[in-house]
Trainee: 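Sharing a structure, written as structure tokens. Questions coming.
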4 protein chains.
Amino acid sequence: MKYIEDRVEDIQITYIGGGSRGWAWQLMSDLAREPQLAGTVTLYDIDYEAALQNEKIGNRLKDREDVKGKWQYRADKSLESALKGADFVVISILPGTFDEMASDVHAPEKYGIYQSVGDTVGPGGLIRGLRTVPMYVEFAKAIEKNCPEAFVINYTNPMSLCVKTLYEVFPGIKAFGCCHEVFNAQNLLAAALKDIEGIEGATREEIKINVKGINHFTWIDEASYKGLDLMPIYKQFVDKYYENGFEEGKTGNWMNDFFESANRVKFDLFKRYGIIAAAGDRHLAEFMSGNWYIENPETVMDWKFSLTPVSWRKEDLKERLAKSKRLVKGEEVFEVKDSGEEGVRQIKALVGLEELVTNVNLPNEGQIFNLPRGSIVETNAIFRRGQVLPIVAGKLPSAIQGIATRHITNAHLILEAALEKDKKKAFVAFANDPLVNISLEDTEELFEEMLKNTAAYLPGWKL
Amino acid sequence: MKYIEDRVEDIQITYIGGGSRGWAWQLMSDLAREPQLAGTVTLYDIDYEAALQNEKIGNRLKDREDVKGKWQYRADKSLESALKGADFVVISILPGTFDEMASDVHAPEKYGIYQSVGDTVGPGGLIRGLRTVPMYVEFAKAIEKNCPEAFVINYTNPMSLCVKTLYEVFPGIKAFGCCHEVFNAQNLLAAALKDIEGIEGATREEIKINVKGINHFTWIDEASYKGLDLMPIYKQFVDKYYENGFEEGKTGNWMNDFFESANRVKFDLFKRYGIIAAAGDRHLAEFMSGNWYIENPETVMDWKFSLTPVSWRKEDLKERLAKSKRLVKGEEVFEVKDSGEEGVRQIKALVGLEELVTNVNLPNEGQIFNLPRGSIVETNAIFRRGQVLPIVAGKLPSAIQGIATRHITNAHLILEAALEKDKKKAFVAFANDPLVNISLEDTEELFEEMLKNTAAYLPGWKL
Amino acid sequence: MKYIEDRVEDIQITYIGGGSRGWAWQLMSDLAREPQLAGTVTLYDIDYEAALQNEKIGNRLKDREDVKGKWQYRADKSLESALKGADFVVISILPGTFDEMASDVHAPEKYGIYQSVGDTVGPGGLIRGLRTVPMYVEFAKAIEKNCPEAFVINYTNPMSLCVKTLYEVFPGIKAFGCCHEVFNAQNLLAAALKDIEGIEGATREEIKINVKGINHFTWIDEASYKGLDLMPIYKQFVDKYYENGFEEGKTGNWMNDFFESANRVKFDLFKRYGIIAAAGDRHLAEFMSGNWYIENPETVMDWKFSLTPVSWRKEDLKERLAKSKRLVKGEEVFEVKDSGEEGVRQIKALVGLEELVTNVNLPNEGQIFNLPRGSIVETNAIFRRGQVLPIVAGKLPSAIQGIATRHITNAHLILEAALEKDKKKAFVAFANDPLVNISLEDTEELFEEMLKNTAAYLPGWKL
Amino acid sequence: MKYIEDRVEDIQITYIGGGSRGWAWQLMSDLAREPQLAGTVTLYDIDYEAALQNEKIGNRLKDREDVKGKWQYRADKSLESALKGADFVVISILPGTFDEMASDVHAPEKYGIYQSVGDTVGPGGLIRGLRTVPMYVEFAKAIEKNCPEAFVINYTNPMSLCVKTLYEVFPGIKAFGCCHEVFNAQNLLAAALKDIEGIEGATREEIKINVKGINHFTWIDEASYKGLDLMPIYKQFVDKYYENGFEEGKTGNWMNDFFESANRVKFDLFKRYGIIAAAGDRHLAEFMSGNWYIENPETVMDWKFSLTPVSWRKEDLKERLAKSKRLVKGEEVFEVKDSGEEGVRQIKALVGLEELVTNVNLPNEGQIFNLPRGSIVETNAIFRRGQVLPIVAGKLPSAIQGIATRHITNAHLILEAALEKDKKKAFVAFANDPLVNISLEDTEELFEEMLKNTAAYLPGWKL
Ligand SMILES: [Mg+2]
Ligand SMILES: [Mg+2]
Ligand SMILES: [Mg+2]
Ligand SMILES: [Mg+2]
């Protein structure tokens with residue numbers, strides 16, 4: 001890495017999951033837009049062909065005139081050699097395939113358990129966690145060996161468990177997890193500001209918030225725009241839209257998009273707990289009792305959010321694979337645009353080009369003092385040259401702390417179960433999830449079935 | 001209090017709930033059997049007439065030749081004057097009447113929620129908690145004012161919440177909570193010793209155990225009889241009786257007694273977690289998911305324990321009232337026999353007549369280091385002149401710790417809710433209980449109904 | 001307070017110690033330079049005449065053309081009425097007079113104990129602490145009653161003890177302590193950057209540092225200028241100047257100024273512990289063993305720093321009193337210039353006009369996880385509208401943690417001693433200070449003498 | 001190990017330091033007196049000849065008629081094979097020789113630093129610690145490998161550091177440290193009981209105490225004899241003997257015995273802190289400031305305790321070596337008598353033959369909640385079959401906690417320094433000891449000299 005007056009060159013970024021047709025392209029796009037950074041991106045993927053395609057797509061970019069950030073892309077077959085000398089490691093993988101994810105999300109349906117996402121908590125999130133841990137054990141070991149000083153940015157879910165595993169295996173790792181759910185909450189606050197106060201044009205960055213919680217169950221207890229306190233404004237906004245919801249998604253209508261909602265769950269949680277839930281309704285619903293917002297498709301319809309079917313994800317992937325081919329062949333031009341993610345800004349801050357305050361997932365050292373030390377929590381942190389320092393966010397209200405603790409306990413049990421290949425421990429977590437409100441016998445049956453469906457990713461387990 | 005060579009006289013005991021026809025008689029009986037102690041028992045009860053009856057019953061005893069412990073009994077109309085100068089305070093009350101308890105236990109049944117006891121956790125235990133806290137606030141204040149140095153022995157449920165409230169209001173209080181559930185587990189271990197090893201005659205006191213957990217969800221991870229390790233013996237015992245259960249109750253058959261069981265829940269928990277659950281099945285079942293052992297009366301039947309109906313308690317009370325009258329009039333002779341409780345032995349130890357190690361409920365100062373500091377936990381403690389010092393019991397297995405933490409969180413929420421008269425907070429605990437597996441709407445409806453049924457004991461609440 | 005598009009008006013600041021001829025004038029000057037703020041400053045001082053003089057000096061300012069910040073000044077005889085409605089409270093007092101301070105600093109000299117400042121630790125700092133606590137108890141109570149929502153900025157020493165007392169008495173207080181010692185360390189880093197790398201013009205704000213420790217015993221373990229790591233640069237700098245020291249003070253020579261030094265203590269500590277001591281040598285020396293840097297005036301001379309005599313302070317005060325008279329009469333024009341303090345920038349951030357990261361003293365909630373929870377620690381914090389959130393700074397090296405813990409223990413003992421008027425407890429802290437290396441008899445004699453000298457400020461003590 | 005109705009046979013005890021002519025003989029003697037235990041003692045010593053001599057001495061015993069406990073003794077040249085299959089491991093070694101100890105104790109004297117024992121804290125204790133750690137690292141590893149389930153009883157000083165090292169290297173170890181200093185305090189309480197109340201014949205075991213602190217700086221805050229509170233009685237006793245001291249040693253006069261004292265330090269500490277210091281004056285004095293009780297030989301004389309010269313220890317050793325020869329040859333008969341130590345009673349309890357409450361050194365899991373988690377603390381513990389469970393002892397008064405924390409910090413620094421062979425870290429601890437009240441230069445000189453004197457035991461260090 002070479003720092004030259006407001007520019008840093010020769011940065012080495014290693015991308016684990018570098019064959020991805022979503023997150024990888026977003027990073028390429030953001031790097032292409034950034035004039036102050038340059039270097040090499042090494043793409044590692046268990047699907048080497050996919051990484052090779054992205055190498056080609058990426059390398060086309062640097063010759064384009066509209067591209068300000070010039071990067072070399074290189075696919076690598078070996079995790080170890082890909083990591084050698086890395087300054088930054090980005091991890092964004094799909095743990096398993098969409099077939100395993102289909103089991104995660106849909107297998108529980110026959111027992112009346114529905115999931116809107118199924119990648120964080122719930123039976124799906126927990127089973128996904130079981131197969132993710134061994135992968136992250138391998139990553140952590142390889143990072144410790146090949147680039148112990150690198151900053152590691154995780155995008156994979158289940159976020160808390162991925163980050164926890166990295167620190168468990170290599171306590172000296174400089175890893176943090178990033179998620180854009182909180183950004184949406186900032187945008188919603190900007191919308192409230194406009195709707196209630198008539199103040200337009202507030203950017204997301206101008207909406208200053210205090211963030212506290214665990215990933216996808218994150219909360220905001222202070223929000224300001226310049227000299228204005230946004231908390232009473234949000235209260236009015238919720239009162240106004242509580243019954244029918246408020247929508248401002250890409251499509252403008254939650255019914256037309258598997259990722260949208262009308263924020264009704266968020267509003268209901270605000271009314272119950274007095275602070276702002278800061279993740280999307282699809283995520284939030286999964287953290288509460290299975291009988292609340294997500295009892296069955298009708299309840300979900302009433303609360304105006306969506307159950308994202310894995311079949312949709314499979315279709316979507318097909319489209320992205322086709323697009324990838326066109327990009328490789330040059331039949332389509334790669335669109336360079338702001339992804340909305342903050343990875344590149346974080347890298348800029350970490351090499352000393354700016355200072356940034358944003359929300360990340362890190363081990364709790366005191367930033368939320370009524371959650372367990374060492375559990376992965378999401379709060380603001382300050383990014384500077386060589387440091388990510390979490391900001392003390394204060395206590396969670398005890399009601400929310402109780403629910404968060406339950407999920408943290410489950411995550412730690414899943415981690416232990418995965419490390420010890422202990423089926424009994426995994427079952428305890430599974431049965432303790434708030435969505436699993438079924439009989440002991442059914443719980444055991446479902447658990448067995450789901451484990452079997454993901455068995456290919458549980459090496460060494462006695463199933 | 002006067003210590004005279006292996007005897008202590010002039011002990012002042014104040015009994016809150018002194019009109020009781022159960023616990024109070026047991027204390028009278030145990031005191032009557034104990035030659036080394038003497039003094040006065042002051043009986044306080046909101047039902048003054050009941051206290052007066054017990055005064056009469058008690059005062060008959062000291063003239064009997066077979067009675068070795070000579071005590072003066074005195075009913076007092078005022079809590080404050082009853083406590084003045086007390087060396088020991090015993091609290092054993094019924095919070096509310098059996099009408100409120102009928103609501104606690106049976107109101108949830110129309111939503112498919114069943115409870116075997118309903119006085120600790122579950123919707124019943126939590127609502128009972130709400131009405132108990134203000135009573136204990138009053139007790140704690142009166143003790144701080146009138147006898148701050150007294151030892152306070154609590155028998156009332158919900159145990160953890162009662163003890164927590166005392167410490168919350170008067171942090172200097174010397175209170176602890178006693179429960180005999182663990183004694184039954186010791187007796188079961190003695191039965192296993194006889195059944196598997198053929199060793200007879202082991203007394204409960206000879207079965208040495210390490211106790212850890214929260215009241216009614218207590219666990220044993222070490223058990224010995226002299227030089228023998230009882231853990232592998234218990235394992236064989238469980239394997240032998242897992243399917244059909246093991247019974248050794250007073251009636252010999254769980255179906256004939258609302259307080260018996262065949263220990264099948266206990267055995268199942270042992271198989272799942274590898275350590276011994278040390279409370280009765282009726283209690284244990286209520287701590288687990290509502291869909292496990294207690295989904296409906298049929299499941300309960302399969303697991304061979306009982307749902308104790310409050311109607312039975314009402315009937316039983318009638319009988320005890322009749323008996324009380326006979327005892328007062330002298331138509332029946334008060335039977336002096338060992339109650340099986342340890343209160344009197346504890347008093348003996350606390351005045352310096354012996355040393356005693358037994359299980360009690362105390363604030364966690366480190367005795368169980370993966371439960372929250374300050375939560376009420378049940379472990380062994382050593383009793384000596386002027387001191388009850390808890391013994392470090394070590395960690396709970398993480399699976400059990402997760403479930404215990406959930407109930408602890410709920411108890412703390414109920415305490416906060418009761419102190420702040422905050423309905424929202426109480427609802428969060430209510431909805432977070434593992435037995436409450438019903439829709440959000442139903443949960444709210446049930447909660448409202450149960451609050452209303454107990455409203456007479458929620459002064460100052462906005463219902 | 002009124003927020004109007006990038007400006008805030010009607011701010012109410014209450015200044016306790018508002019008669020001061022040092023800190024108060026600096027605040028006036030900084031407020032006069034700041035165009036975005038306006039309002040009223042209420043001056044409270046036990047010397048009401050002094051406050052009145054400052055009222056006059058302050059009110060002259062707003063009519064001057066070169067003054068951009070227009071403020072009303074008002075002296076108030078009553079602490080309570082002065083605080084009513086305050087948005088901000090500034091506390092900057094002299095606890096007692098320079099006569100008490102003369103005893104603090106010079107009484108120990110006859111026992112061979114020397115102190116360079118005598119206001120933080122050492123016999124002087126501890127006795128000063130004893131008389132300061134009751135004043136801060138009064139402040140905290142008055143703030144809780146009259147302006148519980150105000151932000152409270154403390155400048156008085158002993159810093160940690162003053163801030164601790166405020167939180168002890170009123171746990172909900174929004175207080176923090178400010179000290180410019182760390183700013184000097186940033187300037188020294190800028191000097192090193194110029195000296196070693198030839199890079200000129202780096203401003204203090206551009207020197208990004210991670211701050212950790214307790215006030216006046218603060219440390220820096222990460223320092224950057226843009227993309228440069230300053231730690232290896234500082235190492236070279238220390239190696240170069242270790243023997244002779246490095247001076248860049250106002251006078252350029254530590255011998256001519258009682259507040260200067262040649263940084264030799266700082267350099268020696270860096271060599272010993274590997275991280276940068278971030279307070280002035282006069283302060284640092286007092287935290288270490290009395291036999292190290294400050295054994296006697298000759299040692300001090302060798303290490304090239306100064307023992308500030310209180311006689312100088314008395315002389316200096318006379319000059320400032322004369323200046324005050326001239327300013328009141330208009331015989332001298334008040335000079336408006338940057339004070340170098342950050343109070344006004346902090347106020348700007350707290351009303352929402354900017355975001356600021358700077359070092360402050362706050363109760364430890366996890367920002368330094370190997371110092372006790374609740375002790376007052378100095379780290380960076382982020383200032384935003386309505387919030388000061390500390391930044392997690394990480395562990396102190398165990399060697400430094402040991403010394404810091406000793407001083408923290410002493411401060412807590414002094415607080416307890418002052419609250420309980422317990423001479424024995426105060427003596428334990430006194431005897432435990434690293435400067436007090438004298439016999440038990442001498443220690444007791446000195447302690448008695450110093451207590452007597454400050455007795456006027458120890459109401460209710462049995463001396 | 002074989003449990004047979006109130007007897008246990010085939011116990012394997014491994015004695016590290018088994019060539020000792022003090023502690024080893026005491027164990028032999030206690031084992032010989034105990035009819036309920038039998039088995040093999042394996043003696044391991046770096047001086048194999050010494051172990052062989054003890055083998056012979058030990059094996060003579062079992063044929064004697066007056067010997068009730070029959071044990072086989074066996075010297076072993078290899079630590080590993082000696083530990084194989086051990087049920088109990090006793091460690092009692094001299095770290096280094098008396099030549100190193102002479103440097104520990106006497107080298108500091110030329111700088112005016114005196115030490116009465118020099119094996120726990122002070123410059124001597126810390127340097128001794130540095131050379132002890134590597135030995136204990138080796139023991140811990142060998143125990144983990146050869147007998148991980150064995151109970152390990154440590155008698156070596158520095159006690160806290162020895163036990164800490166064992167747990168640091170092998171966290172699963174079942175080790176605890178034993179010291180008889182507290183027993184003497186119980187005897188002193190019995191003497192006070194006789195002197196003040198005229199009650200004779202109270203045994204040490206009948207004096208019930210609550211123990212808290214760190215080894216050799218242990219405190220008693222509750223003491224009873226049957227129904228009597230001994231605290232007020234001890235107060236009268238101290239008042240009576242404060243000026244002239246109280247003696248009841250073997251010789252009856254502290255001036256004639258290097259191990260006796262008149263308890264004046266203990267009495268002075270009681271007056272200062274209000275609770276009973278429970279170690280001998282020679283130990284206690286070393287924990288306080290070097291200017292208090294131990295400034296020079298005259299101060300020590302005034303306080304009526306002794307500085308034990310290492311020359312005396314060397315002479316004493318000569319005598320014991322001669323005695324050993326006589327015992328081996330059968331020229332002298334081994335005297336079987338109660339040693340006053342509790343090792344054998346502890347073993348009896350741990351195999352299930354009795355229940356024992358006594359004081360031991362264990363990692364802090366909450367037993368003293370204002371000392372750091374994981375530091376080695378001394379409190380009561382309960383011994384039962386297979387378990388040593390510490391008893392919660394409560395907080396130390398903050399004054400004592402401050403001093404204890406300073407020594408704990410130093411011990412942890414010494415451990416880190418020894419593990420990392422880090423001279424700088426060791427120096428920080430050394431300079432931070434309360435006895436080291438000399439200039440920086442002298443401190444460095446003394447430290448260098450003492451390190452050099454012990455260099456043979458610091459393998460791998462750069463000195
Ligand atoms: Mg996400
Ligand atoms: Mg019970
Ligand atoms: Mg300062
Ligand atoms: Mg000892």
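Throughout, a chain's letter reflects where its sequence line sits, starting with A, and its residues are numbered from 1. These figures come from a predicted structure and were not determined experimentally.
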Trainee: Please look at C:Leu350 and chain A and tell me whether the side chain, the backbone, both or neither of the residue comes under 4.5 angstrom of a heavy atom of that chain.
Mentor: neither
Trainee: Side chain from CB out, backbone as N, CA, C, O: work out which of these in C:Ile209 comes under 4.5 Å of a heavy atom of chain A, or both, or neither.
Mentor: backbone
Trainee: Quick one: of A:Ile382, A:Val351, A:Val392, who has the most non-hydrogen atom pairs under 4.5 Å with chain C?
Mentor: A:Val392
Trainee: Sort and list the pairs that fulfil ring-ring contact (aromatic ring centres under 6.0 Å, His included) and have at least one residue in residues 188-213 of chain A, not counting sequence neighbours.
Mentor: none
Trainee: With sequence neighbours excluded, tell me which residues meet ring pair (Phe, Tyr, Trp, His ring centres under 6.0 Å) with A:Phe237.
Mentor: A:Tyr241, A:Phe246, A:Phe267
Trainee: Please flag which part of C:Ala349 lies under 4.5 Å from any non-hydrogen atom of chain A: side chain, backbone, both or neither.
Mentor: neither
Trainee: Supply the atom-to-atom distance C:Leu389 CG to A:Ile391 CD1, rounded to the nearest 0.5 angstrom.
Mentor: 7.0 Å
Trainee: For the interface with chain C, which of A:Ile4, A:Val8, A:Val357 has the highest count of heavy-atom pairs at distances below 4.5 Å?
Mentor: A:Val357
Trainee: At a 3.5 Å cut-off, give me the donor-acceptor pairs between chain C and chain A, one pair per line with the distance.
Mentor:
residue	atom	partner	partner atom	Å
C:Tyr3	OH	A:Gly227	N	3.2
C:Lys208	NZ	A:Glu355	OE1	3.2
C:Ile209	O	A:Arg384	NH1	2.9
C:Ser224	OG	A:Arg385	NE	2.7
C:Ser224	OG	A:Arg385	NH2	3.3
C:Gly227	N	A:Tyr3	OH	3.2
C:Leu228	O	A:Arg385	NE	3.4
C:Asp229	OD1	A:Arg385	NH2	3.4
C:Glu355	OE1	A:Lys208	NZ	3.2
C:Arg384	NH1	A:Ile209	O	2.9
C:Arg385	NE	A:Ser224	OG	2.7
C:Arg385	NE	A:Leu228	O	3.4
C:Arg385	NH2	A:Ser224	OG	3.2
C:Arg385	NH2	A:Asp229	OD1	3.4
C:Pro390	O	A:Val392	N	2.8
C:Val392	N	A:Pro390	O	2.8

Trainee: What pairs of residues pass the ring-ring contact (aromatic ring centres under 6.0 Å, His included) test when at least one of them lies in residues 382-402 of chain A, not counting sequence neighbours?
Mentor: A:Phe176-A:Phe383
